Amino acid sequence: MRHLVVAAVLGGMLAAPAFAQETERYRLERTDTGFVRMDTTTGQMSVCEEQSGQLVCRTSTDERVAYEERIDDLERRVEALERQARAGSDDGTRVLPSEEEFERSLGYMRRFFQNFFDIVEGWEKDLRTPEEGPDRT
């Protein structure tokens with residue numbers, strides 16, 4: 001049971017900042033004909049209209065070109081990383097980490113989780129310990 005609570009707390013801690021950033025990323029402003037949506041990260045703007053109860057936004061041609069260029073750039077980077085991962089392999093398959101690298105990574109993970117569990121156990125101990133107050137004997 002404790003492990004489920006720990007997993008839920010850890011998952012919530014990791015997901016909450018990403019969700020908060022995404023919900024604050026876009027800003028809508030009403031216009032005479034609909035809305036303008038601004039991406040607060042990139043500054044790009046889209047014109048939006050309400051159609052059948054849904055907000056439909058159109059990107060400009062410039063935004064579309066920039067979007068496609070970004071996708072092309074990311075695809076090139078992924079291909080380069082895949083080539084790098086296969087480098088040194090005779091048959092072109094991915095190269096696995098050495099036993100030493102694996103054990104070192106596993107040691108980092110063990111230390112992280114041990115420290116995390118120690119923190120949780122400390123919290124649980126604090127919750128079980130009665131509050132100190134005036135002596136009522």
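Note that this is a predicted model, so its numbers are computed, not measured. When reading the values below, keep in mind they use all heavy atoms of this one structure, side chains included, and skip hydrogens, waters and symmetry mates.
Counting Ile, Leu, Val, Met, Phe, Trp and Tyr side chains that sit under 4.5 Å apart, directly or through other members, V36 shares a hydrophobic cluster with M38, M45. Here L106 is tied into one hydrophobic group with F102, M109, each link being a pair of ILVMFWY side chains closer than 4.5 Å.
When each of E50, E49, Q51 is checked for a side chain to side chain contact (heavy atoms under 4.5 Å, CB included) with V56, only Q51 meets the rule.
With sequence neighbours excluded, no residue forms a salt bridge (charged side-chain N to carboxylate O under 4.0 Å, His left out) with E75. Residues that satisfy the side-chain contact (heavy atoms from CB on, under 4.5 Å) test with T42, not counting sequence neighbours, are R25, D39, Q44. Taking the side-chain hydrogen bond (donor to acceptor under 3.5 Å, both in side chains) definition, one finds that Q114 meets it with D118, sequence neighbours left out. Among residues two or more places apart in sequence or in another chain, the side-chain hydrogen bond (donor to acceptor under 3.5 Å, both in side chains) test is passed with N115 by none. Taking the salt bridge (charged side-chain N to carboxylate O under 4.0 Å, His left out) definition, one finds that E68 meets it with R64, sequence neighbours left out. Every residue was checked against the side-chain hydrogen bond (donor to acceptor under 3.5 Å, both in side chains) condition with D72, not counting sequence neighbours, and none meets it. R77 is linked by a salt bridge (charged side-chain N to carboxylate O under 4.0 Å, His left out) to nothing, counting only residues two or more places apart in sequence or in another chain. Residues forming a side-chain contact (heavy atoms from CB on, under 4.5 Å) with E69 (at least two apart in sequence, or on another chain): V65. Residues satisfying the side-chain hydrogen bond (donor to acceptor under 3.5 Å, both in side chains) criterion with R111, sequence neighbours excluded, are absent altogether.
Screening residues 96-105 for side-chain hydrogen bond (donor to acceptor under 3.5 Å, both in side chains) gives S98-E101 as the qualifying pairs, with residues at least two apart or on separate chains.
With rounding to the nearest 0.5 Å, the separation of CG in D126 from CH2 in W123 is 10.5 Å. Here OG of S46 is found 4.5 Å from CZ of R37. Values are rounded to the nearest 0.5 Å. Taking CZ of F117 as the reference point, atom CZ of F112 lies at 9.0 Å (rounded to 0.5 Å).
The two residues F35 and L28 make their nearest non-hydrogen contact at CB-CD2, 4.2 Å.
Criterion: ILVMFWY side-chain heavy atoms under 4.5 Å apart, direct or through other members. Under it, V120 and F113 are part of a common hydrophobic cluster.
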